[in-house]
Amino acid sequence: MSTRNKPIVENVILLVVALVLLFISVHTILGMFAFLLVPVPFVLLASRSTGRELLLFIVLFAIVSYFFAGLGGSLMAIMFGFIGGMMGRTYQRRRSALPAIVIGAGASFVSLVLGLALTKYVFGVDLITGMERTTEQLISGPGSLPTPGWLTKEEWKSEIDMQLKLFELVLPSIIVATSFIMSTVVHWFARLTSNLLKRPLPRLQPVRDWNFPRSLIYYYFGALLLLLMFGNATEKTFLSSALNNVKVMLDMVFMLQGLSFCFYVLYRRGWKKLSPVLVVVLFIFPLLTYILSLLGILDLGVGLRKRMEKRK
């Protein structure tokens, strides 16, 4: 095979692999595992292609997907291509793993939120409303679940309603956590595959060296300001949901930034063995994550670690 044709053949193979993974995710019991891997070929494609070439690959992927997975498959293909493409382009421009993972998480987050909005406002399927109807049938409908002996039927219904409201409250956190998990898994498999292809992607730096873009602070306070100004007027609307999701995602980023700063301080002091202890303490006292978020904002805003380096 000539050197000139080799990249074209590799790109076609990656596109075929993406189609096979999408087929498996839609039509087999291995769907959840394959679902996480579909963006991987697009990470590799985007890391060595132009934006126009990447767009062409995504369009072809969506068209072919339509024939074996329908309109839903095409929309999924666009979503996966978008996630992988954003990560690959970040690898190409920044040559760093952390920004690519964050961008990938952001792309996953946008895709999931838009997917929920699409199912609700275009297809008329509301996740929360559907869960409420299903729960009502399980409690009061034919073949309903038996009421626990220590509760009356009204208390049992009230308990279920409270669980639904709790789920609605933590849904933004679930979306954010899912986005970061998906992006990290895609990075790991993309890097593994790129090493096998002898075109390695950058490895993830130690946590103590993580440093997110300072501009995220402006987005965070912008979302807070909009929620304070229009919170009541936009209650239970898509705008309110989107702003809350953005805030939760940035809270997670700032918490990671604060954790990175703590690991950096421990490393400089020669107390690296205390790092696992800090992680365990966070699981025992979750409220400390708010302190870490504040610390992360200060680290990005005023450059805490840079000030420490100057004192050295």
Side-chain angles (χ1 to χ4, degrees), residues 83 86-87 89-110 112-113 172-184 186-187 201-229 231 242-272 274-279 281-283 285-312:
I83 294 169
M86 292 295 290
M87 291 184 69
R89 295 291 288 174
T90 306
Y91 285 123
Q92 188 185 79
R93 292 175 180 176
R94 302 284 293 272
R95 298 304 303 170
S96 180
L98 182 61
I101 290 175
V102 174
I103 293 293
S108 302
F109 166 78
V110 170
L112 290 170
V113 171
S173 300
I174 294 173
I175 294 175
V176 170
T178 302
S179 300
F180 273 101
I181 291 171
M182 183 174 182
S183 181
T184 304
V186 169
H187 162 76
L201 294 172
R203 63 187 291 272
L204 188 61
Q205 296 173 313
V207 177
R208 65 177 180 270
D209 294 329
W210 290 6
N211 207 8
F212 295 96
R214 189 179 182 184
S215 58
L216 293 179
I217 296 177
Y218 303 116
Y219 298 129
Y220 181 75
F221 285 108
L224 275 181
L225 185 62
L226 288 173
L227 283 171
L228 289 172
M229 290 174 61
L243 288 173
N244 276 308
N245 276 280
V246 169
K247 180 184 176 299
V248 170
M249 183 170 189
L250 292 177
D251 278 331
M252 176 76 74
V253 170
F254 293 138
M255 187 269 288
L256 291 174
Q257 182 70 37
L259 187 64
S260 169
F261 177 74
C262 289
F263 282 1
Y264 170 78
V265 173
L266 293 176
Y267 178 77
R268 281 199 58 180
R269 300 287 183 181
W271 300 336
K272 289 190 293 183
L274 292 178
S275 298
V277 177
L278 176 60
V279 175
V281 168
L282 287 176
F283 278 101
F285 303 105
L287 289 176
L288 289 177
T289 56
Y290 294 105
I291 298 175
L292 280 180
S293 294
L294 180 60
L295 193 59
I297 292 173
L298 290 173
D299 186 29
L300 287 180
V302 301
L304 292 180
R305 70 182 73 193
K306 289 182 179 179
R307 292 172 182 264
M308 289 183 66
E309 289 170 358
K310 288 179 180 178
R311 291 179 184 177
K312 188 175 179 181

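Numbering starts at 1 and runs along the sequence shown.
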### Query
With T90, which residues qualify under side-chain contact (heavy atoms from CB on, under 4.5 Å), at least two apart?
R94, P99, A100, I103
### Task
Under the side-chain contact (heavy atoms from CB on, under 4.5 Å) rule, collect the residues that match up with S108, sequence neighbours excluded.
I83, S179, M182
### Task
Any chance you could measure F221, atom CZ, to L225, atom CG, to the nearest 0.5 Å?
10.5 Å
### Message
List the residues meeting side chain to side chain donor-acceptor pair (under 3.5 Å) with R208, not counting sequence neighbours, and say none if there are none.
### Response
none
### Message
Per the salt bridge (Lys or Arg N to Asp or Glu O under 4.0 Å) rule, what does the pair list look like for residues 289-301, sequence neighbours excluded?
### Response
D299-R305
### Message
Could you report the tightest heavy-atom contact between I217 and L300, atom names first, then the distance?
### Response
CD1-CB, 3.7 Å
### Task
Could I get the full list of ring pair (Phe, Tyr, Trp, His ring centres under 6.0 Å) partners for Y264, not counting sequence neighbours?
none
### Task
Starting at CG of L292, measure out to CG of D251 and round the result to the nearest 0.5 Å.
12.0 Å
#### Entry: Set of ring pair (Phe, Tyr, Trp, His ring centres under 6.0 Å) partners for F254, sequence neighbours left out
Y220
### Task
Report yes if some heavy atom in the side chain of F109 is under 4.5 Å from a heavy atom in the side chain of V113; otherwise report no.
yes
### Message
To check you understand the geometry: which heavy-atom pair defines the closest contact between A97 and R203, and what is its length?
### Response
CB-O, 3.5 Å
#### Entry: Residues in side-chain contact (heavy atoms from CB on, under 4.5 Å) contact with T184, at least two apart in sequence or another chain
I101
## Note on the structure
All heavy atoms of T178 vs all of L112, minimum pair found to be CG2-CD1, 4.2 Å
### Message
For a quick test of reading the model, state the closest non-hydrogen atom pair linking S96 to Y91 and the distance between them.
### Response
O-CD2, 3.9 Å
### Message
With a 3.5 Å distance limit and no angle check, can you tell me whether Q257 reaches the backbone of F212 through a side-chain donor-acceptor pair?
### Response
yes
### Message
Applying side-chain contact (heavy atoms from CB on, under 4.5 Å), can you list everything that pairs with V207, at least two apart in sequence or on another chain?
### Response
W210, S260, F263
